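Written below as structure tokens is the structure these notes are about.
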Protein chains: 2
Amino acid sequence: MTGIIDVALRAGVAKSTASRALSGNGYVSAETRERVERAARELAYSAHSSASSLATGRTSTIGVIMPMADRWYFAELLAGLQQALIDDGLDLALYGAAEGSEERARMLDHALAGRRFDGIIAVCLQPGAHELERLAGTGLPLVSVGPFAEHADTVTIDDVVAARVATEHLIDLGHEDIAFLGDAEDADRFSFGERKRLDGYRQAMIAAGLEDRIRAVPTQSTIPEAFATAAALLADRRKRPTAIAAVCDEAAVGAIIAAQRLGIGVPSELSVIGIDDHRYAEMFSLTTIRQNPREQGVEAVRLLQARMQDAEAPLEHVISPATLVARQSTAVPRLDAAR
Amino acid sequence: MTGIIDVALRAGVAKSTASRALSGNGYVSAETRERVERAARELAYSAHSSASSLATGRTSTIGVIMPMADRWYFAELLAGLQQALIDDGLDLALYGAAEGSEERARMLDHALAGRRFDGIIAVCLQPGAHELERLAGTGLPLVSVGPFAEHADTVTIDDVVAARVATEHLIDLGHEDIAFLGDAEDADRFSFGERKRLDGYRQAMIAAGLEDRIRAVPTQSTIPEAFATAAALLADRRKRPTAIAAVCDEAAVGAIIAAQRLGIGVPSELSVIGIDDHRYAEMFSLTTIRQNPREQGVEAVRLLQARMQDAEAPLEHVISPATLVARQSTAVPRLDAAR
């Protein structure tokens with residue numbers, strides 16, 4: 001059987017260099033890595049990673065626990081995580097399941113029992129399910145992406161501020177009858193981040209003396225679900241708001257498609273604002289609060305690497321930027337539309 | 001340090017049962033697994049999976065190589081893979097990178113050099129990049145999801161037939177000026193599956209004596225890119241086709257949004273058909289060829305399990321169903337629109 005020493009000889013490097021190049025742990029130049037990888041291929045060499053792992057005590061694998069929803073935010077975040085982990089020579093073990101699902105609880109147990117990781121990145125932790133406690137109990141380096149994370153390094157936007165700024169933008173334009181699309185007071189059905197955004201909307205409405213106008217319309221945060229919800233909301237002219245603050249861009253886009261279907265002009269008869277700057281935002285001229293989940297993924301890996309280096313360092317909480325991007329889906333309300 | 005025997009004693013099961021329950025390999029009842037996992041949690045037991053892996057020669061991890069594109073097909077497929085692997089007690093190591101990218105080539109080398117897997121599932125293999133050869137060289141059980149896979153077990157729809165049936169549907173309605181949206185003769189920029197769909201469109205046009213009308217309009221297969229491409233195509237009334245056969249539903253939806261923006265009636269002035277039955281298809285009343293990528297993911301895991309059991313069994317090629325779903329985006333062409 002071909003050994004690492006054969007690979008090193010063929011590549012003309014030290015055994016330790018060949019090992020570093022193939023394991024992805026420690027520095028080697030791109031050129032050397034290429035030479036070693038070529039030699040390994042030519043010799044059909046396959047490191048037995050379990051043996052290597054026993055020697056170093058490391059698995060070079062990071063467990064990522066996240067919702068598997070077909071949504072822009074998660075796809076972008078996962079792409080950022082993947083990119084940063086590969087750049088660091090780390091593998092990504094994916095555990096995808098909906099927030100709060102029984103499947104997700106099983107995955108947490110599996111991940112805990114197996115301990116196959118050098119660290120864990122958990123996305124959208126749900127406080128009610130005690131997910132953080134279960135993960136923290138492993139003693140493994142842990143980074144949380146999302147608003148809830150009191151006992152871990154975190155990266156997130158400030159969801160309260162994002163929704164407050166979005167709502168204030170509508171209030172500044174002169175809107176008073178502003179509906180929040182995407183959450184309700186029914187805590188079980190919505191994520192912790194969505195709840196924070198509802199809080200931000202409420203804060204802005206209260207600060208503007210519009211407490212009586214607070215109206216949260218529950219919907220799942222996907223374009224088709226929001227489309228159906230908004231179509232029902234907008235169909236009755238007497239109940240129609242002049243503006244919608246959506247929990248995310250997918251909900252906002254669903255509302256715009258519903259308005260178009262009903263012949264309601266956006267922004268002439270209805271203003272719509274989202275949160276995300278989704279890849280579809282420009283196509284729908286959507287005013288939104290921009291965030292960059294891909295960068296959040298890269299940042300999460302940086303935080304995890306730092307935690308793996310120093311378990312005792314103080315906790316780091318990174319607030320990722322979120323800024324208003326004004327497009328053409330928001331405008332001053334029409335006089336005859338304002339009631 | 002707590003050992004597996006302590007966990008077994010606390011759970012009141014044999015050591016081998018505790019081991020099976022925690023490794024996910026072999027049968028244990030749900031109740032027993034729960035009891036063992038609870039005991040492991042209570043004792044803060046963490047198996048050293050590397051040691052367990054050395055003993056069994058298995059890693060209980062499947063490498064999944066796929067594009068990381070923010071697209072419905074990949075998200076659904078990944079969800080199906082994740083679900084089936086978790087059900088089988090297997091971990092999913094994700095290697096996400098675009099087809100044909102340098103990053104993807106690096107990932108293949110990494111996956112090969114590390115050999116951390118019991119098997120590999122590769123999605124959308126590109127023949128030009130010799131990806132299949134590189135993967136087959138590992139000797140690991142391999143399943144390919146997508147149209148190219150001569151030397152591996154495969155699951156795929158028949159892309160040629162899907163596009164042919166879609167185009168024939170338009171021809172049967174009376175359309176002659178049918179543009180294919182989503183690929184061109186420039187092989188480098190498009191995936192092997194997209195090329196197959198272009199072939200299916202061409203076959204249908206040729207069979208109907210419409211060879212002179214063949215027109216492939218290149219675009220990336222995302223809604224915003226297809227929106228921009230279709231907007232340019234449809235803006236010039238003299239060059240406007242009466243129907244569009246789109247490479248996938250995302251391209252079809254982009255075309256419908258573009259038509260709406262330009263005030264072109266669908267289907268009164270323009271028929272549009274896709275392939276997928278994307279979650280947005282119903283919202284846009286899109287006629288399409290339905291496929292089920294989630295089931296394809298489950299099927300891929302079944303094929304891989306079979307291959308892991310018997311390396312010598314004959315290759316299995318599963319053609320996943322694809323059926324016409326007629327909605328309201330296709331109709332007989334208007335007399336004044338047909339030229």
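The shown structure was predicted, so the numbers you read here are calculated from the model rather than taken from an experiment. Side chains are part of it too, since the values below use all heavy atoms of this structure and drop only hydrogens, waters and symmetry mates.
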Among R261(B), E282(B), R71(B), single out the residue with the greatest number of heavy-atom pairs under 4.5 Å to chain A.
-> R261(B)
Spacing of [X] atom [atom1] and [Y] atom [atom2] [to the nearest 0.5 Å]:
X       : Y       : atom1 : atom2 : answer
I257(A) : Q260(B) : CD1   : CD    : 8.0 Å
L92(B)  : L92(A)  : CG    : CG    : 9.0 Å
Y95(A)  : L85(B)  : OH    : CG    : 10.5 Å
F284(B) : F227(A) : CZ    : CZ    : 8.0 Å
I223(A) : M283(B) : CD1   : CE    : 5.5 Å

Can you give me every donor-acceptor pair (side chain of residues 73-82 of chain B, partner residue at least two apart or in another chain, under 3.5 Å) with its distance?
from: Y73(B); atom 1: OH; to: Q296(B); atom 2: OE1; distance (Å): 2.9
from: E76(B); atom 1: OE1; to: R294(B); atom 2: NE; distance (Å): 3.1
from: E76(B); atom 1: OE2; to: R294(B); atom 2: NH2; distance (Å): 3.3
from: Q82(B); atom 1: OE1; to: G96(A); atom 2: N; distance (Å): 2.7
from: Q82(B); atom 1: NE2; to: L94(A); atom 2: O; distance (Å): 3.4

Counting heavy-atom pairs under 4.5 Å with chain B, the top scorer among A228(A), G63(A), P224(A), A231(A) is P224(A)
